[in-house]
Amino acid sequence: MTGEAVVFWVAGIFAVGGAVGMVVSRKAVNSALWVAFAMINIAVLYFSLQAPFLGTTQIVVYTGAVMMLFLFVLMIVGVDSSDSLLETIRGQRAMGITAVAAMSILILAGLAAAFEPAVIGLADANTASGGNVQALAKLIFGEYLLAFEVTSALLI
């Protein structure tokens, strides 16, 4: 087993553990901290797959900004655990079960596709463009420029 495989299995198990911890936590703040733990492990996975731009973005934007904003809002608003026990939307439980079933099918399909041979890594794409960030810049400001500008206009 290579070092990359060890990092993948350890960070993958921690990321799934963080996601499970988020779902089973009774307090919203604890749930948010579990999500931050899972996001950091996802960033470790990005770094191990030779995608430093995505790993840094995962840490800075999602874990650093979005999760801390979420925690800030939770602490200002103050959510009681009794509030989250009431089902306010009719059919919410059935929709959740349907979403879990659909996601399980997608995960099984992804696992089946993961065992197919001839996977091409990022090393070839990175060396052709001079690095990971340069390859992303070539795609964003070349082939996908219109989509990038429309997305930035929508975000503004």
Side-chain angles (χ1 to χ4, degrees), residues 1-25 28-77 89 92 94-156:
M1 190 182 272
T2 64
E4 184 178 331
V6 171
V7 169
F8 171 77
W9 284 107
V10 170
I13 289 171
F14 283 168
V16 171
V20 169
M22 179 214 44
V23 171
V24 299
S25 289
V29 174
N30 292 344
S31 181
L33 292 174
W34 279 113
V35 171
F37 179 72
M39 286 183 175
I40 289 173
N41 283 293
I42 290 170
V44 169
L45 288 173
Y46 285 143
F47 283 120
S48 72
L49 292 172
Q50 300 172 356
F53 181 77
L54 287 176
T56 305
T57 304
Q58 179 75 24
I59 290 174
V60 171
V61 174
Y62 293 112
T63 308
V66 174
M67 286 308 303
M68 295 310 121
L69 178 66
F70 182 66
L71 281 173
F72 180 71
V73 169
L74 277 178
M75 293 197 184
I76 285 180
V77 173
I89 302 172
Q92 180 178 356
M95 289 296 288
I97 291 170
T98 305
V100 166
M103 194 65 182
S104 298
I105 291 170
L106 286 174
I107 288 173
L108 290 175
L111 285 174
F115 291 110
E116 292 180 7
V119 176
I120 298 172
L122 285 176
D124 295 336
N126 288 342
T127 56
S129 297
N132 184 266
V133 176
Q134 290 84 354
L136 283 172
K138 183 188 267 185
L139 284 173
I140 288 174
F141 298 115
E143 185 177 346
Y144 298 108
L145 180 64
L146 181 64
F148 179 73
E149 290 299 325
V150 168
T151 304
S152 66
L154 287 174
L155 289 175
I156 288 177

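Since the model is a prediction, treat every value here as computed from it, not as a measurement. We number each residue from 1, following the sequence as shown.
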To the closest 0.5 Å, what do you measure between [atom1] ([X]) and [atom2] ([Y])?
{"X": "Leu33", "Y": "Phe70", "atom1": "CG", "atom2": "CZ", "value": "10.0 Å"}
{"X": "Leu45", "Y": "Glu4", "atom1": "CG", "atom2": "CD", "value": "10.0 Å"}
{"X": "Leu54", "Y": "Leu49", "atom1": "CG", "atom2": "CG", "value": "9.5 Å"}
{"X": "Met95", "Y": "Ile97", "atom1": "CE", "atom2": "CD1", "value": "11.5 Å"}
{"X": "Thr63", "Y": "Asn41", "atom1": "OG1", "atom2": "CG", "value": "9.5 Å"}
{"X": "Leu145", "Y": "Leu139", "atom1": "CG", "atom2": "CG", "value": "12.0 Å"}

Ring pair (Phe, Tyr, Trp, His ring centres under 6.0 Å) partners of Phe53, counting only residues at least two apart: none
message: Please enumerate all residues that pass ring pair (Phe, Tyr, Trp, His ring centres under 6.0 Å) together with Tyr62, with sequence neighbours excluded.
response: none
query: Which pairs pass ring pair (Phe, Tyr, Trp, His ring centres under 6.0 Å) with one or both residues in residues 130-156, sequence neighbours excluded?
result: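 Counting only pairs at least two positions apart or across chains, the ring pair (Phe, Tyr, Trp, His ring centres under 6.0 Å) contacts touching residues 130-156 are Phe141-Phe148.
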query: What are the two closest heavy atoms between Ala43 and Gln58, and how far apart are they?
result: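 Ala43 and Gln58 have their closest heavy atoms at CB-CG, 3.7 Å.
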task: Return the minimal non-hydrogen interatomic distance between Phe47 and Ile59, and the atom names on each side.
output: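 Answer, listing the atom of Phe47 first, then Ile59: CE1-CD1, 3.9 Å.
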message: Applying side chain to side chain contact (heavy atoms under 4.5 Å, CB included), can you list everything that pairs with Ile107, at least two apart in sequence or on another chain?
response: Met103, Leu111
- line: Sequence neighbours excluded, the answer for side chain to side chain contact (heavy atoms under 4.5 Å, CB included) partners of Ser25 is Asn30, Ser31, Trp34
message: Are Val7 and Val44 packed together at the side-chain level, in the sense that at least one heavy-atom pair is separated by less than 4.5 angstrom?
response: yes
Output side-chain donor-acceptor pairs under 3.5 Å for residues 11-24, partner residues at least two apart or in another chain, one line each.
none

message: Counting only heavy atoms from other residues, nucleotides and ligands, does the tally under 6.0 Å from CE of Met68 exceed 12?
response: yes
